[in-house]
Amino acid sequence: MVEFEIKYSQTLAAQGITTPEQVRSLFAQATADFDAQISIDAVELLWEDLHQRWLGRKSGWLTKISDNWLKPASQELKRTVGQELNRLKAHVESGLEARHAAIESGPEPTVAAKDRIDLSLPGVIRPIGTHHLVRTVIQEIEDIFVSIGFSIVEGPEIETPYYNFEALNIPEHHPVREDMDTFYLDLPKGAPGPLLLRTHTSPVQIHTMEKRQPPVRVIVPGKVYRRDNPDATHSFMFHQIEGLAVDTDITFCDFTGTIEYFVKQFFGESVKTRFRPSYFPFTEPSVEFDVSCIFCGGSGAAASGGTCGKCKGAGWIELFGAGMVDPAVYGFVNYDASKVSGFAFGMGMDRLAMLKYGIDDLQVFFQSDVRFLRQFP
Ligand code: DAH
């Protein structure tokens, strides 16, 4: 196009054009030049430029053709040049007009309007979900214990009776096995030994002590299983967190101090605590640990009058079992019972979550009902 532009400023004689055929060929090239330009310049602003370039009164190319090709043309060529110029002018005018009309009626959409992206619209907000309340409570408990030097370990949910019972000082015919009736796996004939779903997280005490020498300070969150029928406080699967601290100089005071610290961190400074004597085969002495009722503040009376439904008027709520590790247990893990001492505890995390967040039905934790889950974002 640029090379061709030069020709509009040169006379025919200067271009060596002497025959009508050459004139027609030159105009054919000029026509093609225009066609090429109009097919590229599609936008309105450029249409103005194009119009000016070809039809501009003073220095438009058609004026130049008229001045440089037509006016100085020889007699023989003048007729042909005049005819060709008129044809080209009509072609340019109608071409520019058609393009103008097309622009007026809106730009040719290159992307269908429906497919166009409106960047000013708000984005699609996808809910990313949150932790389940049980998970949140596990996290809260872990944070408290980690802050005082405990580390977190986990263990298998499928156990041998040895880890779940015997090594915890619960021999085969011990009556507490009654309370922990569980699910045994259906194993193929000839498979070694029975396997069961662990009834508590306590077997991980044994796994940990088998692997590590004192000092040991661990907590063990996890799922446990019992053959219980589901109701507001029972489920065949629930969550426990086990704690174990063993060292050369751990006393009952370390034990009570640690437990009280945890409970006050978890429920708040104002709760009162108490220990009651209890029995577990793997601790001696054993305790049951209570807190003052979170719902009635320990008074035993409901705000609406009458007795508090949560603690049944007792003012205390039983939280979990604990104790000093029974020396018999050290025998199973080759610790020297004359040199080490320690404490252990095992809490139901679902129960702690229910107490802290005022939930009165354990089953809601396992029903995946979003109306419940959304209340704990
Ligand atoms: N394993 C016991 C249970 O599931 C809870 C427990 C009690 C764990 C006392 C302990 C403990 O570590 O010292 O009922």
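For ligands, and for the atoms within them, numbers begin at 1 and follow the listed sequence.
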Inset, instruction - Output all residues satisfying salt bridge (Lys or Arg N to Asp or Glu O under 4.0 Å) with Glu84, sequence neighbours left out; order by chain, then residue number. - result: Arg87
Legend entry - Value rounded to 0.5 Å, distance of CD in Gln265 from CZ in Phe145: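 Here the interatomic distance stands at 10.5 Å.
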Legend entry - Ring-ring centroid check Phe332 Tyr163, cutoff 6.0 Å: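 Here the rings of Tyr163 and Phe332 have centres that are no less than 6.0 Å from each other.
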Inset, instruction - Assert yes or no for the condition that the ring centre distance of Phe34 to Trp61 is strictly below 6.0 Å. - result: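 No, too far apart.
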Legend entry - Lys/Arg N to Asp/Glu carboxylate O, Arg371 vs Asp369, below 4.0 Å: yes
Inset, instruction - Please work out which of the three classes, parallel, tilted or perpendicular, describes the rings of Tyr279 and His174, given edges at 30° and 60°. - result: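 Judged by the thresholds at 30° and 60°, the geometry between His174 and Tyr279 is parallel.
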Tabulating one pair per line, provide the atom names and distances (0.1 Å) for every N/O atom of ligand 1 that is less than 3.5 Å from a protein N/O atom.
from, atom 1, to, atom 2, distance (Å)
ligand 1, 1 (N), His200, ND1, 2.9
ligand 1, 1 (N), Ser202, OG, 2.9
ligand 1, 4 (O), Arg226, NH2, 2.8
ligand 1, 4 (O), Gln240, NE2, 2.9
ligand 1, 12 (O), Gln205, NE2, 3.1
ligand 1, 12 (O), Glu242, OE2, 2.6
ligand 1, 12 (O), Phe345, N, 3.4
ligand 1, 12 (O), Phe345, O, 3.3
ligand 1, 13 (O), Ala344, O, 3.2

